[in-house]
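We name chains A, B, ... by the order of the sequence lines, and we start the count at 1 in each one.
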2 protein chains.
Amino acid sequence: MPVDHTGPVRPTLAAVARRAGVSSSTASLAFNDSGPVAQETRDRILAAARELGYDGPDPRARSLRRGRSGIIGVVLEESLRDAFRDPMNVVMLDGIADVTGPSGNSLLLLTETAASGSSLVEAPVDAVVLFGCSPSVDSKVEIVQRRGIPVVAIEGRPLPGVLDVGLDNREATRALAEHLRGLGHTRVALVTLELDRDRRRGILTPSRIDSATSFTALQRVRGAEEVYPDIGGYATLGSTIDEGRIAGRALLADPATRPTAVIAQSDLLAAGVIRAAGELGLDVPGDLSVVGFDGVRIDDPAAAGLTTMVQPALDKGRAAGRGVLELLAGGSPSSVSFTSAFRRGSTTAPPPAV
Amino acid sequence: MPVDHTGPVRPTLAAVARRAGVSSSTASLAFNDSGPVAQETRDRILAAARELGYDGPDPRARSLRRGRSGIIGVVLEESLRDAFRDPMNVVMLDGIADVTGPSGNSLLLLTETAASGSSLVEAPVDAVVLFGCSPSVDSKVEIVQRRGIPVVAIEGRPLPGVLDVGLDNREATRALAEHLRGLGHTRVALVTLELDRDRRRGILTPSRIDSATSFTALQRVRGAEEVYPDIGGYATLGSTIDEGRIAGRALLADPATRPTAVIAQSDLLAAGVIRAAGELGLDVPGDLSVVGFDGVRIDDPAAAGLTTMVQPALDKGRAAGRGVLELLAGGSPSSVSFTSAFRRGSTTAPPPAV
DNA sequence: GTCGCGGATCGAATCGATTCGACAACGCTA
DNA sequence: TAGCGTTGTCGAATCGATTCGATCCGCGAC
């Protein structure tokens with residue numbers, strides 16, 4: 001007989017049933033109140049459970065039998081710290097939880113690092129939501145899909161079989177660019193999100209753009225190019241104020257090549273650019289116009305009145321959540337795409353007189 | 001024969017074994033590379049798996065058999081949005097992930113709302129980490145513990161059987177108060193975190209304090225009282241800049257009763273108070289000294305040079321993660337307590353001359 | 001030549017529930 | 001009173017793997 005190291009054995013449903021003098025099938029029915037069970041019997045079973053200290057069926061066994069775990073995986077790109085630094089992600093996550101929470105599902109945080117790469121495959125998830133998917137997930141997605149696990153991607157490259165929750169990134173950026181053109185700007189620079197996994201920071205080159213693997217960032221570049229075909233700029237490593245500041249310093253340092261306007265691909269980046277401008281003694285919008293993207297509330301007065309495209313982050317999250325639920329219910333929802341709204345702030349103005 | 005609605009059936013380990021001409025036990029060994037398996041056999045099994053499109057064992061079945069799911073539950077107090085608004089939580093979460101990720105565990109987000117209350121009980125978690133536990137979880141914790149699931153609490157009220165990761169909240173606040181006393185302040189007010197679940201915002205009264213159920217907030221109040229026994233103040237609904245601003249407006253509005261210094265229980269609250277002061281035309285630290293708590297980087301220049309107690313948030317998270325792992329390994333780690341470090345910033349000065 | 005040992009494999013029990021089909025008891029209608 | 005639909009309960013199969021003990025085989029040691 002094996003020695004029990006784990007203290008008193010947790011009672012099982014079978015034990016409860018035995019004590020109540022019923023079969024375990026009946027006990028199961030009582031706990032799930034599915035199927036008809038006489039009130040008296042139910043009471044007896046519940047009493048037996050209380051006496052034995054049984055607190056309901058084991059989730060593991062239940063999920064094996066049912067084929068459902070009640071868990072939805074959320075795949076974030078990076079470390080949690082980076083992911084949560086951007087309010088966008090947090091708000092979208094909240095939107096997902098808004099929808100999936102009440103249905104009794106909870107969210108499992110998965111990151112894309114090598115170590116936990118396996119966890120995406122080994123996690124008992126019923127469905128997966130991808131945040132801005134990068135190429136590295138493609139293969140994993142395939143495996144997950146082959147398992148019959150539904151996949152929803154937020155602003156990912158459209159992939160067969162993946163429900164897409166999209167945004168008018170290209171159009172929206174074009175609108176921003178047109179706003180700047182309308183003001184008279186001709187020397188405009190981009191500050192992009194992370195373009196690829198190679199993780200280099202630096203001046204934006206055509207080849208760099210062509211090799212970009214981040215769908216969202218690329219679409220936003222394309223939108224800007226529709227108005228400013230030869231637009232250059234700076235590629236950052238992600239949506240943070242610090243990255244924006246670094247990019248801003250690089251772009252604004254030399255008065256000779258300095259742009260009169262910057263299109264930042266996120267509000268956080270824009271806030272960073274504005275800081276950099278301030279540090280260099282430049283006035284926004286007097287010397288430099290700056291536009292952002294996202295329309296999130298940033299706790300930084302410098303970015304208070306940012307001209308930006310407001311995207312419905314919460315709704316995007318909710319849509320993703322609804323998509324997951326529909327897919328789990330066996331439906332086949334169609335992809336949705338959201339549109340952003342232009343918000344004129346106080347960070348854009350005509351270029352300075354020469 | 002039941003009709004299959006789910007398309008091609010996912011192959012099982014048994015199917016793979018059959019195709020490879022081995023028993024399923026051997027196949028299992030091959031996939032877990034536990035036990036001795038001849039190289040040739042292993043290859044044959046893997047080949048069979050590939051042909052059948054088998055991607056490894058089903059996590060649900062595995063976790064039933066093993067009694068482990070590889071999932072650690074993280075219980076946050078509120079909606080995700082609120083929880084992640086405070087950088088402290090994010091950093092601590094990151095610290096946990098730092099430690100638990102490499103061990104192949106992932107984090108399941110659980111909130112305390114009524115709806116998901118059940119999920120804490122129904123989730124297949126191997127362990128649970130509580131963030132600043134409130135009284136409402138006590139009963140749930142009991143159930144979870146009875147299941148033999150280890151519980152780690154970050155700054156919770158010490159509970160039997162719960163591994164505590166604490167902070168010197170009382171001492172640290174006393175240090176801040178002494179700093180203010182040293183500067184000559186006599187009229188000092190508190191701006192507290194959420195004191196209880198009743199969710200009222202308002203002037204701090206002795207009875208309000210006595211009925212507080214938030215352990216951390218209460219300890220910080222006690223620390224301040226050691227220096228200023230009759231200290232009053234304002235109780236907020238949580239650690240946000242907005243709440244701080246509301247509290248600040250309430251405390252600073254009337255010049256007659258205005259304190260010369262405010263002890264805010266978090267940096268976010270402090271930032272809010274500073275904003276409120278600015279809006280009222282008060283100079284910090286000229287007219288008003290403000291101290292915070294946490295020492296997190298806040299993207300708000302107003303709070304840039306905050307005088308505060310810096311707490312090792314990342315280390316706290318890591319300690320919680322390590323605690324979880326040790327408990328899972330059958331060890332019995334002892335509670336840890338971290339200490340905060342005083343950081344003198346530029347938001348404190350002697351009180352204004354009368 | 002036999003014994004013993006370690007490597008490779010297999011059979012069968014097990015994890016803890018859910019669920020389908022069968023069945024008994026009961027009240028009701030024709 | 002025979003037939004029938006309900007209600008309540010049970011037995012047994014099933015979900016898909018892990019793991020313990022047993023078996024078989026080949027090889028080196030004595």
**Student:** What does A:S34 touch in the nucleic acid at a heavy-atom separation under 4.0 angstrom: a base, only the sugar-phosphate, or nothing?
**Tutor:**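 No contact at all - A:S34 keeps every heavy atom at 4.0 Å or more from the nucleic acid.
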
**Student:** Nearest-nucleotide wise, let me know which of A:S25 and B:R44 is further upstream toward the 5' end of DNA chain C.
**Tutor:**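 The residue closer to the strand's 5' end, by nearest nucleotide, is B:R44.
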
**Student:** Judged by modelled atom types alone, do B:S214 and B:T216 share a side-chain donor-acceptor pair under 3.5 Å?
**Tutor:**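 Looking only at side-chain atoms, B:T216 and B:S214 do not form any donor-acceptor pair under 3.5 Å.
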
**Student:** Are A:R147 and A:D126 ion-paired here, with the side-chain N under 4.0 Å from a carboxylate O?
**Tutor:**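 Between A:D126 and A:R147 there is no salt bridge, as every charged N stays at least 4.0 Å from the carboxylate O atoms.
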
**Student:** Taking for each residue the nucleotide of DNA chain D with the nearest heavy atom, is it B:T26 or B:L64 whose nucleotide lies nearer the 5' end?
**Tutor:**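 Of the two residues, B:L64 wins.
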
**Student:** Using a 4.0 Å heavy-atom cut-off, does B:S63 contact any base of the nucleic acid, only the sugar-phosphate backbone, or nothing at all?
**Tutor:**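 Contact class for B:S63: none.
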
**Student:** What is the bend of the helix from C:dG1-D:dC30 to C:dA30-D:dT1 when you compare the axis at one end with the axis at the other, using five pairs each and rounding to 10°?
**Tutor:**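 For the helix from C:dG1-D:dC30 to C:dA30-D:dT1, the axes at opposite ends meet at about 50°.
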
**Student:** Is B:P57 touching bases, backbone alone, or none of the nucleic acid, heavy atoms closer than 4.0 Å?
**Tutor:**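 B:P57: backbone/sugar contact only, no base atoms under 4.0 Å.
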
**Student:** Can you check side chain to side chain donor-acceptor pair (under 3.5 Å) on A:N105 and A:R68, steps first, answer last?
**Tutor:** CA-CA 10 Å; A:N105 292 91; A:R68 284 281 171 87; over 6 Å; no

**Student:** Which distance, rounded to the nearest 0.5 Å, do you find between the CG of A:L107 and the CD1 of A:I71?
**Tutor:**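 Here the interatomic distance stands at 10.0 Å.
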
**Student:** Between B:P36 and A:S28, name the one whose nearest nucleotide on DNA chain C is closer to the 5' end.
**Tutor:**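 In this pair, the answer is B:P36.
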
**Student:** Going by atom types alone, do B:S23 and B:T26 pair a side-chain donor with an acceptor below 3.5 Å?
**Tutor:**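 On atom types as modelled, these side chains qualify, holding a pair under 3.5 Å.
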
**Student:** Contact class for B:T12 (heavy atom, under 4.0 Å): base, sugar-phosphate, or nothing?
**Tutor:**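 Counting heavy atoms under 4.0 Å across all strands, the contact made by B:T12 is with sugar-phosphate only.
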
**Student:** A:F84 vs B:F84 aromatic rings, parallel, tilted or perpendicular, using cut-offs 30° and 60°?
**Tutor:**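 The rings of A:F84 and B:F84 lie parallel, inter-plane angle below 30°.
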
**Student:** Walking along DNA chain C from 5' to 3', note the first and the last nucleotide with an atom under 4.0 Å from a heavy atom of chain B, and give both.
**Tutor:**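 Using the under 4.0 Å cut-off, the span is C:dA8 to C:dG16.
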
**Student:** Assess the residue pair A:T213 and A:D196 against the criterion (side chain to side chain donor-acceptor pair (under 3.5 Å)); give the C-alpha distance rounded to whole Å, side-chain angles, the decisive distance to 0.1 Å, and a yes or no.
**Tutor:** CA-CA 5 Å; A:T213 50; A:D196 47 52; 5.5 Å; no

**Student:** What residue pairs, at least two apart or across chains, pass side-chain hydrogen bond (donor to acceptor under 3.5 Å, both in side chains) with a residue in residues 89-101 of chain B?
**Tutor:**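 Sorted pair list: A:R81-B:D94, B:D98-B:R318.
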
